[in-house]
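Take a look at the structure below.
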Amino acid sequence: MTLDLDSIDKLLHDGVRDKVYPGAVWAIGDATGTKANGAVGLLDPRQPDQPMRLDTIFDVASLTKVLAVWASIGTLVEDGKLQLNEPLADFWPEVNGHPLGQATAHHLLTHTAGLPLRANLKNLYGSDAQDIRDGVLHEALHRPPGEAVQYTDRAALVLGYLAEYLAGQRLDQLAETRIWHPLGMAETTFGPLPAGAAGRCAPTEMSDATGLHLRGTAHDFSARLLGGVCGIAGTFSVLGDLAAFLRHMLDPAAAAERPGFGSSWVERSLQIHTGELTPQRGLFWHPAPSTDPATDDIWVHYGFTGTGMWISPSKGRWAILLTNKLYYTRDRDPLAAIRNAFCTAAFS
């Protein structure tokens, strides 16, 4: 593996200089392990004595959809407990007789289920967890399943509920016992984090309630509303744990203790499942921007806080970039340019 480390270092340092993010950590590797990594910038610009470190804990936001939901659904598929193309109403009593019942898990994984586009949980259903679950599962669809690809957090929320129903466990317990623990992901967990771990966490957005940047508490409002655990977001992790997850995706035989999903789920997920619809989607993963999925085979998932993971089975390579860009702004464009340049450098 030949990498232009000077270019990667300059790219990420420029992001600190331009206040795209206070700091970032990154790694690139293959099925055998990490081949290069680094850390730039600070945890918090107001604390210049706290540099960003390789073991910094990040609120990975929507990477939860991959680390917990996608992996758990794959576990249930490989266990024979879930058929992706079976209407949900055929086996899930909670949605039988409701609009969601006509959709499938495949629709949810490809963001084609026609769900409402915004979570908006508290405004619609209040703050009781059971009322929220009932409301989400019984809500009218935004459009017919299979008609369009429209990314919505609700897809992961529903799949998290489905995984809990089929496994008879809470999502955090399922992810921990079947995925994170077997892979040795000892610092991956749903929040909120205890005080000691929160001190190692990269701060995200300013909280209106406290006037302080969130640190160790999920930025995502839905995750906070649901006590920290939901399919949308809420997971905290570190660079090394994410590397272990991606290594397993490239070589499932390498894990000391086999997690719940393996090569068949990975292969099935990292291909286009949306036909002629756009944007193209695999199962939760999607082709990296500016690449041709037919030839480049680079797949990505992002997190709103400034996180991202890429993987390419044909190239035998993975990459991770974790930032706390949300500390400064919700504007996506500056980080998008850096992400795309990082992807190019990582897979060239």
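Predicted model only: the values in this text are computed from it and were never measured. Reckoned from all heavy atoms, side chains included, excluding hydrogens, waters and symmetry mates.
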Side-chain ([X]) to main-chain ([Y]) donor-acceptor, under 3.5 angstrom:
X	Y	answer
K65	A156	no
E147	T112	no
T235	T64	no
H273	G282	no
T177	Q173	yes
D296	I298	no
E267	S264	no
E86	L82	no
D79	K81	no
T204	L326	no

Minimum heavy-atom separation for [X] and [Y], please, with both atom names.
X	Y	value
C230	L226	CB-CD1, 3.6 Å
D153	S62	OD1-OG, 4.2 Å
L124	A119	CD1-O, 4.1 Å
P99	L141	O-CD1, 3.7 Å
L159	F284	CD1-CZ, 3.6 Å
V25	R53	CG1-O, 3.1 Å

Check: F261 ring centroid to W70 ring centroid under 6.0 Å:
yes
Output every pair passing side-chain hydrogen bond (donor to acceptor under 3.5 Å, both in side chains) with a member in [range], not counting sequence neighbours, ordered by first then second residue.
range	answer
residues 338-348	none
residues 39-49	D44-R46, D44-Y327, R46-Y327, Q47-R215
residues 237-246	T188-S237, T188-D241

How about CD on Q83, more than 12 heavy atoms from neighbouring residues, nucleotides or ligands closer than 6.0 Å, or not?
no
Please indicate whether R143 has more than 12 foreign heavy atoms, meaning atoms of other residues, nucleotides or ligands, lying under 6.0 Å from its CZ.
yes
Please say yes or no: joined through hydrophobic side-chain contacts below 4.5 Å, possibly via intermediate residues, are [X] and [Y] part of one cluster?
X	Y	result
L335	I8	yes
L183	V238	no
I57	V40	no
L76	L162	yes
Y328	L214	no

Parallel, tilted or perpendicular: ring planes of W285 versus H301, cut at 30 and 60 degrees
perpendicular
From [X] atom [atom1] to [Y] atom [atom2], the distance as rounded to the nearest 0.5 Å:
X	Y	atom1	atom2	value
K35	W318	NZ	CH2	9.5 Å
L108	L283	CG	CG	11.0 Å
N85	T104	CG	OG1	5.5 Å
L166	T75	CG	OG1	12.0 Å
L242	L67	CG	CG	5.5 Å
T152	R118	OG1	CZ	9.5 Å

With sequence neighbours left out, what residues match D134 under salt bridge (charged side-chain N to carboxylate O under 4.0 Å, His left out)?
none
My understanding is that only residues two or more places apart in sequence, or in another chain, count here; which of them pass ring pair (Phe, Tyr, Trp, His ring centres under 6.0 Å) with [X]?
X	answer
F304	H219
Y21	none
W26	none
H107	none

R247 vs D251, test: salt bridge (Lys or Arg N to Asp or Glu O under 4.0 Å). Steps then yes/no.
CA-CA 6 Å; R247 281 184 62 194; D251 183 13; over 6 Å; no
P289 vs V300 side-chain heavy atoms within contact, under 4.5 Å
yes
Please assess R317 against L3 for the test side chain to side chain contact (heavy atoms under 4.5 Å, CB included), listing each intermediate value before the final yes or no.
CA-CA 12 Å; R317 192 174 300 187; L3 298 168; 3.8 Å; yes
With side chain to side chain contact (heavy atoms under 4.5 Å, CB included) as the test, would you mind laying out the steps for L117 and H142 before giving the verdict?
CA-CA 8 Å; L117 300 185; H142 173 66; 4.1 Å; yes
Run the side chain to side chain contact (heavy atoms under 4.5 Å, CB included) check on L137 and Y165 step by step: do they pass?
CA-CA 12 Å; L137 297 182; Y165 166 70; over 6 Å; no
Give the C-alpha distance, both sets of side-chain angles, the deciding distance and a yes or no for side-chain hydrogen bond (donor to acceptor under 3.5 Å, both in side chains) between Y125 and E139.
CA-CA 10 Å; Y125 317 119; E139 183 68 88; 2.8 Å; yes
Results of side-chain contact (heavy atoms from CB on, under 4.5 Å) for [X] - residues two or more places apart only:
X	value
D131	D128
A319	I28, W310, F342, A346, F347
K122	F221, L225
R281	H111, V149, Y151, T274, H286

Full working for side chain to side chain contact (heavy atoms under 4.5 Å, CB included) between Q150 and L115:
CA-CA 8 Å; Q150 292 183 303; L115 300 176; over 6 Å; no
Is any NZ, NE, NH1 or NH2 atom of the basic residue among R258 and E78 found under 4.0 Å from an Asp or Glu carboxylate oxygen of the other?
yes
Check ion pair E187-R200 (N to O, under 4.0 angstrom):
yes
